[in-house]
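Here is the structure we will look at, set down as structure tokens.
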Amino acid sequence: MIEVRNIHHCLSGKMIIDELSFELNTGELLCVLGPNGAGKSTLLKLLSGESHCKSGQVLYNKQAIHELNPKQLSKIRAVMPQHSTVSFPFSAKEIIMIGSDLNKNELAKTLAEVTKLTKVDQLLDRPYQQLSGGEKQRVQLARVLMQIWKDAPYPRFLFLDEPTSSLDIAQQYQVFEIVKSLKSKNIGILAVVHDINLAAQSADKVLLLKSGRAMAFGTTDEIITKENISRTFDHQVLIQAHPITQKPLIISNINQNYHAKTYGNISYAN
Amino acid sequence: MSLIGAMLLILIAAMMLSAVVGAYQLSLNDIFHVISYQLGFTKDQPKPELLAVFWNIRLPRILLGAMVGAALAIAGAALQGLFRNPLVESGLIGVSSGGALMVVILIVFSNIISLEIAPIFIQLLQPLVAFIGGLLLTIAAYKLSKVGSKADISLLILSGVAINALAGALIGLTLYFADDAAIRNFTFWSLGDLGGANWLKIGISAPLILGSIGYLLNTAKPLNLLSLGESEAFHMGLSVEKVKTGIILAVAMAVGVSVAFTGIIGFVGLVIPHIIRLLIGADHKLVLPLSVLLGASFLVLADLASRVVVSPSELPIGIITSLAGAPFFIWLLINFKKKSRV
């Protein structure tokens with residue numbers, strides 16, 4: 001379990017994360033939603049150990065994050081970046097296996113399983129730089145999965161930074177289906193997501209972030225409400241049930257927003 | 001592995017060719033005779049001129065050329081990996097001129113203040129000051145060009161221009177105080193020259209250069225990780241700052257010592273890793289060792305060309321490497337333009 005306790009972070013005197021607490025369990029997909037500049041990327045940096053918070057604590061399986069060195073951290077958590085540029089002509093397979101310290105048999109087995117799951121097994125010999133955006137994203141996903149795929153006696157975690165930002169709708173759901181299948185592997189997943197509907201359909205839990213503060217944290221059904229979303233994004237929305245999954249479906253309330261922009265007085269009451 | 005074997009054979013062939021060809025022609029028999037005599041395998045003494053030409057002049061020159069070629073090529077490959085950009089080279093970003101500046105200052109000022117220093121001490125001091133100069137300017141180029149987690153190439157080139165100009169001006173200023181002989185020596189040295197190779201220089205430079213090459217050969221996995229980006233490398237378990245520091249130190253050592261003894265030899269660090277990547281892709285586990293072997297072969301052959309083209313006189317080797325390297329660099333730029341147009 002990852003426990004985030006009252007973390008606080010500022011950069012050049014500006015508050016980025018303020019008094020934030022939540023937790024992430026294995027077998028759980030937690031989506032972090034919030035407007036631009038809410039502190040989502042900074043939160044990921046604090047969670048991954050890339051930055052250290054000014055106060056408060058991040059605990060990995062009860063151990064404080066600053067007690068773990070990069071090597072130890074890399075066995076517990078993997079991070080998929082939003083964009084990845086690779087400056088040299090690596091093949092897709094080389095990117096996926098990069099840095100792996102598995103032995104030969106484990107490597108072959110893990111590579112086969114991971115590339116099958118992420119549907120990149122046909123791309124392995126292609127130059128990475130010539131792949132399409134969706135293919136690159138899947139190769140990167142395969143790369144980070146290699147890092148935490150091998151069964152371990154301790155819980156592992158995967159952080160995704162807007163994994164679907166450059167993907168079309170089919171690819172977006174494909175990536176989330178892959179990610180959801182990891183829940184059975186003693187892995188907890190935290191994804192920063194822009195598309196509220198994608199989160200509403202996929203997430204077990206949701207953290208709403210605004211100006212570095214948690215607006216709400218809990219199960220998806222509890223948190224994705226008309227009032228919470230409108231308040232977090234300063235934008236009036238309507239919520240309906242998805243005709244098939246019955247999960248919340250968020251629709252922009254265009255007239256209300258036009259009215260509010262023109263005349264002010266946004267009311268968040270139901 | 002077979003590629004490494006093939007490159008090793010090319011290197012051995014280049015060294016043997018360079019050993020026999022020259023103003024004084026030798027046969028392979030002569031060479032083996034001298035080597036086995038010097039190593040004590042035979043008591044049969046070779047002709048004195050054979051000993052002088054091969055053992056005292058040509059062999060140290062070939063060995064120094066191979067070491068410097070290997071050092072420049074692997075330093076180029078490592079810098080390219082570190083900066084995440086295939087167009088970086090130690091000469092381009094000012095590492096070599098940092099070393100050169102310090103050496104010139106040492107030579108000229110130790111002359112002027114007529115220090116009663118033994119020449120051997122100057123020879124020992126040269127690589128040290130070149131290392132410091134190279135190190136300072138590598139760090140300067142890195143800090144100046146870094147934006148976020150990536151070195152920005154236009155900033156890097158511009159900072160290289162600025163650093164090279166500053167070092168050039170300071171070298172010029174230093175030479176203003178030098179006498180004619182020092183200036184002529186400097187001019188030849190600055191174009192690159194293996195002619196002064198002797199066993200003393202080999203003895204001083206071998207541990208330093210081979211040590212840094214050995215260190216850099218071990219950075220293949222970190223360099224692979226770094227080519228994804230510094231954040232990504234950290235996420236995958238790399239202690240990024242530690243690795244970067246080690247690579248910068250080793251590059252400054254390899255290039256600084258090379259520059260101290262042979263002057264600035266351009267384009268080896270740019271061209272060699274490029275050719276290797278065209279042949280086998282980007283995996284540093286192969287790029288680094290193959291760059292060592294091809295860089296060594298290339299410089300041995302370039303030195304051979306510099307000896308025979310205007311024989312019995314000699315061209316500075318830097319002219320040969322630049323004549324071969326600059327057109328290659330222009331070809332790369334044209335290719336780069338074509339690619340970015342699509």
Side-chain angles (χ1 to χ4, degrees), chain A residues 41-42 44-52 65 68-102 124-130 136 139-141 143-148 156-161, chain B residues 76-88 147-153 156 219-244 273-288 291 332 335-336 339-340 342:
Chain A
S41 304
T42 308
L44 267 190
K45 282 189 179 162
L46 296 174
L47 283 181
S48 67
E50 215 181 321
S51 307
H52 291 293
I65 189 168
L68 297 161
N69 65 34
K71 195 86 213 162
Q72 291 168 323
L73 268 174
S74 73
K75 305 272 182 217
I76 307 176
R77 61 97 185 92
V79 186
M80 179 154 129
Q82 190 177 354
H83 301 290
S84 278
T85 49
V86 174
S87 6
F88 297 106
F90 285 103
S91 69
K93 189 178 176 184
E94 284 171 330
I95 293 285
I96 295 171
M97 301 201 310
I98 220 163
S100 174
D101 43 19
L102 297 172
L124 292 180
D125 294 323
R126 300 250 313 268
Y128 177 82
Q129 288 163 327
Q130 289 172 19
K136 279 183 182 162
V139 168
Q140 289 291 344
L141 185 58
R143 170 179 71 79
V144 297
L145 287 183
M146 290 291 286
Q147 204 182 319
I148 50 169
R156 287 150 294 149
F157 303 92
L158 175 64
F159 306 142
L160 306 149
D161 190 1
Chain B
L79 278 181
Q80 289 163 11
L82 188 66
F83 282 98
R84 304 186 66 204
N85 195 300
L87 297 182
V88 177
V147 181
S149 81
K150 210 182 160 187
D152 181 274
I153 189 62
L156 186 63
T219 60
K221 194 172 157 188
L223 282 172
N224 277 346
L225 287 176
L226 278 173
S227 47
L228 297 171
E230 287 185 18
S231 299
E232 286 77 0
F234 168 75
H235 293 150
M236 300 199 77
L238 192 71
S239 305
V240 175
E241 291 305 317
K242 221 161 100 186
V243 165
K244 274 178 1 193
H274 251 286
I275 295 175
I276 299 294
R277 285 200 199 92
L278 286 176
L279 287 175
I280 55 108
D283 188 353
H284 286 92
K285 281 181 203 131
L286 283 174
V287 169
L288 295 179
S291 293
L332 280 179
N335 250 13
F336 185 72
K339 257 193 212 159
S340 45
V342 184

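A, B, ... follow the sequence lines: proteins, then strands. Residue 1 opens every chain. Quantities reported herein were computed from a predicted structural model and do not represent experimental measurements.
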Taking atom NZ of Lys45(A) as the centre, does the number of heavy atoms from other residues, nucleotides or ligands within less than 6.0 Å exceed 12?
-> no

Distance from Ser87(A) atom OG to Phe83(B) atom CZ, nearest 0.5 Å?
-> 12.5 Å

Just how far is it from atom OG of Ser231(B) to atom CG of Leu44(A), taken to the nearest 0.5 Å?
-> 11.0 Å

What are the two closest non-hydrogen atoms of Val79(A) and His235(B), and how far apart are they?
-> CB-ND1, 3.4 Å

For the side chain of Glu94(A) and the backbone of Gly281(B), is there at least one donor-acceptor N/O pair under 3.5 Å apart?
-> no

Can you tell which part of Glu50(A) gets under 4.5 Å to a heavy atom of chain B, answering side chain, backbone, both or neither?
-> both

Decide yes or no for Gln140(A) and Glu232(B): does some side-chain heavy atom of the first lie under 4.5 Å from some side-chain heavy atom of the second?
-> no

Greatest number of non-hydrogen atom pairs under 4.5 angstrom with chain B, of Pro127(A), Ser84(A), Pro81(A), Ser100(A), falls to Pro81(A)

Is it the side chain or the backbone of Ser91(A) that comes within 4.5 Å of chain B heavy atoms, both, or neither?
-> neither

One should read off an interatomic distance between Lys93(A) NZ and Asp283(B) CG, to the nearest 0.5 angstrom, of 11.5 Å

Measure the acute angle between the ring planes of Phe88(A) and His284(B), then classify it against the limits of 30° and 60° as parallel, tilted or perpendicular.
-> perpendicular

Minimal heavy-atom distance between Ser227(B) and Phe90(A), with the atoms involved, is OG-CE1, 3.2 Å

Shortest non-hydrogen contact between Ser239(B) and Pro70(A), atoms and distance | OG-CG, 3.8 Å

CE of Met236(B) to CD1 of Ile98(A): how many Å apart, nearest 0.5 Å?
-> 7.5 Å

Pick one of side chain, backbone, both or neither for Leu228(B), based on which atoms fall under 4.5 Å of a heavy atom in chain A.
-> both

